[in-house]
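Just so it is clear, the structure is predicted and the values come from calculations on it, not from any experiment. The sequence lines fix the lettering, A, B, ..., with proteins before strands; numbering per chain opens at 1.
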Amino acid sequence: MTFTLTTPLYYVNDKPHLGSTYTTIACDALARFMRLQGEDVIFITGVDEHGQKIQRTAESNNVSPQEHCDQTSIKYLDLWKLYQIRYDKFIRTTSQKHTNLVHQIYERVKQSDDIYMSRQKGWYCVGCEEYKDGIDTKDTKQCPIHKRDLEWRDEENLFFRLSKYQTQIEELVNTDNFIYPRARQNEIINFVNKGLKDFSISRINLTWGIPVPDHKDHTFYVWFDALLGYLSALYNKDEEICINSIEQFGWPASLHVIGKDILRFHAIYWPAILLSANLPLPSKLFGHGFLTLEGEKMGKSTGNTIDPIDLFSNYGNDAIRWYLLKDIKFGSDGDFQHKRFIDIINNDLSNTIGNLLNRTSSMTRKWFNNKIPKEITQTSNSHPIRSKAEDTISTYLEAIPELNFQLAAQSILELATFSNIHLNEIAPWKLIKQPGNEENVALELYSVLEAIRIVGMLLNPLVPELSNRILSQLGEVNPKQWSNYLVWGILKPGSDLPEPNPVIPKIE
RNA sequence: GUCUCGGUAGCUCAGCUGGUUAGAGCGCAGGAUUCAUAACCCUGAGGUCGGGAGUUCAAGUCUCCCCCGAGACACCA
């Protein structure tokens, strides 16, 4: 059983922004977690490269659409490298295997008798690139957004028989545990209850797209192209493309993580297409929120943007990942604030966690000959830090599969704070001055070091580099899997404890 | 216009089926301490829980009305 999860396929109209980075980091954290839990993970990301907007952007940059896509896709790949995103599959919708797959799905859907030719008529806004509803009754035929005159269009399109799947989709969207967060499920249910209408899956006059095999002047429209990338991503080579084998390659997806704006297409169109093609459905959708910057909507027009590359060069991977995952509830909208960012990193990572490691390691080295002290087993079994650590682990293990990164992060932090408080309370630096306390101090320091080891391990999916640095300062390495390591008492008494260095520097 | 979700300390938010003096983190002020990354720890100030009316012995928590914000209402990658 594989755990297949996807990010959206990002539209390469422009270079990647913080929003896509956020989504991808969250998926990466989940994927890393699942791998550590021993799951067979397929983490899919990629880019959506077709459509008029891209064609037009390419034209205005005086390059071919393909060149534009090549250039922009590389920016995504480079960015994911920077942020150490460990995806397993990266799909480009301009790839040959994707075209092959789209053609095969089209055949299947046609065989289900779900494709027909009809005419799309209506008032069309060139700015929005869409037909506007409810215009007929108005006197002025203008786009409410662009305030421009609408064009009457009457064009031939292929349609997909969505209406046929009304009952099945109704059932699906009412299923518990399919749409997350729950608040968004209602919106989808209401939408479906109003009755599903067939939708068009092809365009004419749009050359930058996948050609429809039996209609030379048609190309596939976005929802019969981009969504199918989740399938084509699974194959390694063009020759492998054969829908019958898709389940061997990891379909169905366990989870699609998407922005809240495209939830409907994933909750309705996508399952319907899969049903029509006789393929299993994904088990879960998660529509996350959007980021604002200093309280304002991000946008090129307002100049209120933040470049993930700049952010990276200023603060590094760990800081950004921690801030996004810990301070913003996944699923809700969030606000990126510089001051808060700096406060959070310094407090959580440098002071609470980093300093805990530093102070404990220093004490231990000083009084125990640069080695992990020995633990006195009978008393350590009931040590308060041990039970706190075990609580932390179980909270964490429940939180991450729910994509509650915030709770997971907080629970780690609580363990670190608990350990800090404990140190202050027992004050080993006083105890050690009185003779006869050595064994007691050894036990206390061992317990705190164990807590730090567990903190370091739990940090791994969220902030992998920091996690590695913490463990290596304990003389440990991150295991490939957690099963035998997420338990108390792994540190070996008598083994060397390296000299501590600040594991994460303070900002400013 | 209809519907959904929010409006709780300076900031970001927790507060389950109504029940003792409304919580956390950050920020701010003071204190204590020296093992440590001027870190850690303790204490404190600060809220008429958007506004109004109602139900109830009792409402941040239920009902109604109003104000503000975000979103959905089909082809918005």
Trainee: With heavy atoms under 4.0 Å as the rule, sort A/Tyr10 into base, sugar-phosphate or nothing.
Mentor: nothing
Trainee: With a 4.5 Å heavy-atom cut-off, do A/Thr21 and A/Trp80 have their side chains touching?
Mentor: yes
Trainee: With a 3.5 Å cut-off and just heavy-atom distances, do the side chain of A/Ser362 and the base of B/C35 make a donor-acceptor pair?
Mentor: no
Trainee: Look at the side chain of A/Lys197 and decide which nucleotide, out of B/U37, B/C75, B/A74, has an atom nearest to it.
Mentor: B/A74
Trainee: Quick one: closest heavy-atom pair of A/Ala233 and A/Ile91, and the distance?
Mentor: CB-CB, 3.6 Å
Trainee: Whole angstrom is fine here: how far is it from CD1 in A/Ile201 over to C1' in B/A77?
Mentor: 16 Å
Trainee: Under 4.0 Å, counting only non-hydrogen atoms across every strand here, what does A/Thr360 touch: a base, just sugar-phosphate, or nothing?
Mentor: nothing
Trainee: Would you indicate which nucleotide in B/A74, B/A77, B/C35 comes nearest to any side-chain atom of A/Lys433?
Mentor: B/C35
Trainee: So which nucleotide does B/C41 pair with, by the Watson-Crick or G-U wobble rule with both distances under 3.5 Å?
Mentor: B/G31
Trainee: Provide the Watson-Crick or G-U wobble partner of B/G1, both distances under 3.5 Å; none if there is no partner.
Mentor: B/C73
Trainee: Take the protein atom CD1 of A/Ile426 and the nucleotide atom P of B/U34, then report the distance between them rounded to whole Å.
Mentor: 15 Å
Trainee: Do A/Tyr106 and A/Phe220 have their ring centres less than 6.0 Å from each other?
Mentor: yes
Trainee: Measure the distance between the ring centre of A/Trp429 and the centre of the six-membered base ring of B/C35, then answer whether it is under 5.5 Å with planes under 30°.
Mentor: yes
Trainee: Which part of the nucleic acid, if any, lies within contact of A/Gln337, taking any heavy atom under 4.0 Å across all strands shown: a base, the sugar-phosphate backbone alone, or nothing?
Mentor: sugar-phosphate
Trainee: Hey, does the side chain of A/Asn347 come within less than 4.0 Å of B/G27's phosphate (OP1/OP2), counting only N and O?
Mentor: yes
Trainee: What's the closest nucleotide to the A/Ile421 side chain, out of B/C42, B/A39, B/A77?
Mentor: B/C42
Trainee: Could you check which nucleotide pairs with B/G10 in any of the strands shown, counting Watson-Crick or G-U wobble with both distances under 3.5 Å?
Mentor: B/C26
Trainee: State whether A/Lys506 places a side-chain N or O below 4.0 Å from either non-bridging phosphate oxygen (OP1 or OP2) of B/A39.
Mentor: yes
Trainee: For A/Asn355, answer base if it contacts any base atom (sugar-phosphate contacts may also be present), sugar-phosphate if it contacts only those atoms, and nothing otherwise; contact means non-hydrogen atoms under 4.0 Å.
Mentor: base
Trainee: Once you apply the 3.5 Å cut-off to both distances, tell me the Watson-Crick or G-U wobble partner of B/C57, or none.
Mentor: B/G19
Trainee: From the options B/C75, B/C26, B/U37, select the nucleotide whose nearest atom is closest to the side chain of A/Trp223.
Mentor: B/C75
Trainee: Toward the 5' end of RNA chain B, which comes first, A/Lys329 or A/Trp367, by nearest nucleotide?
Mentor: A/Lys329
Trainee: Any heavy-atom pair between the side chains of A/Gln168 and A/Glu171 that's under 4.5 Å?
Mentor: no
Trainee: Within the 4.0 Å heavy-atom criterion, would you say A/Gly331 contacts the bases, only the backbone, or no part of the nucleic acid?
Mentor: nothing
Trainee: Taking 4.0 Å as the cut-off, does a side-chain nitrogen or oxygen of A/Lys430 come that near to OP1 or OP2 on B/U34?
Mentor: no
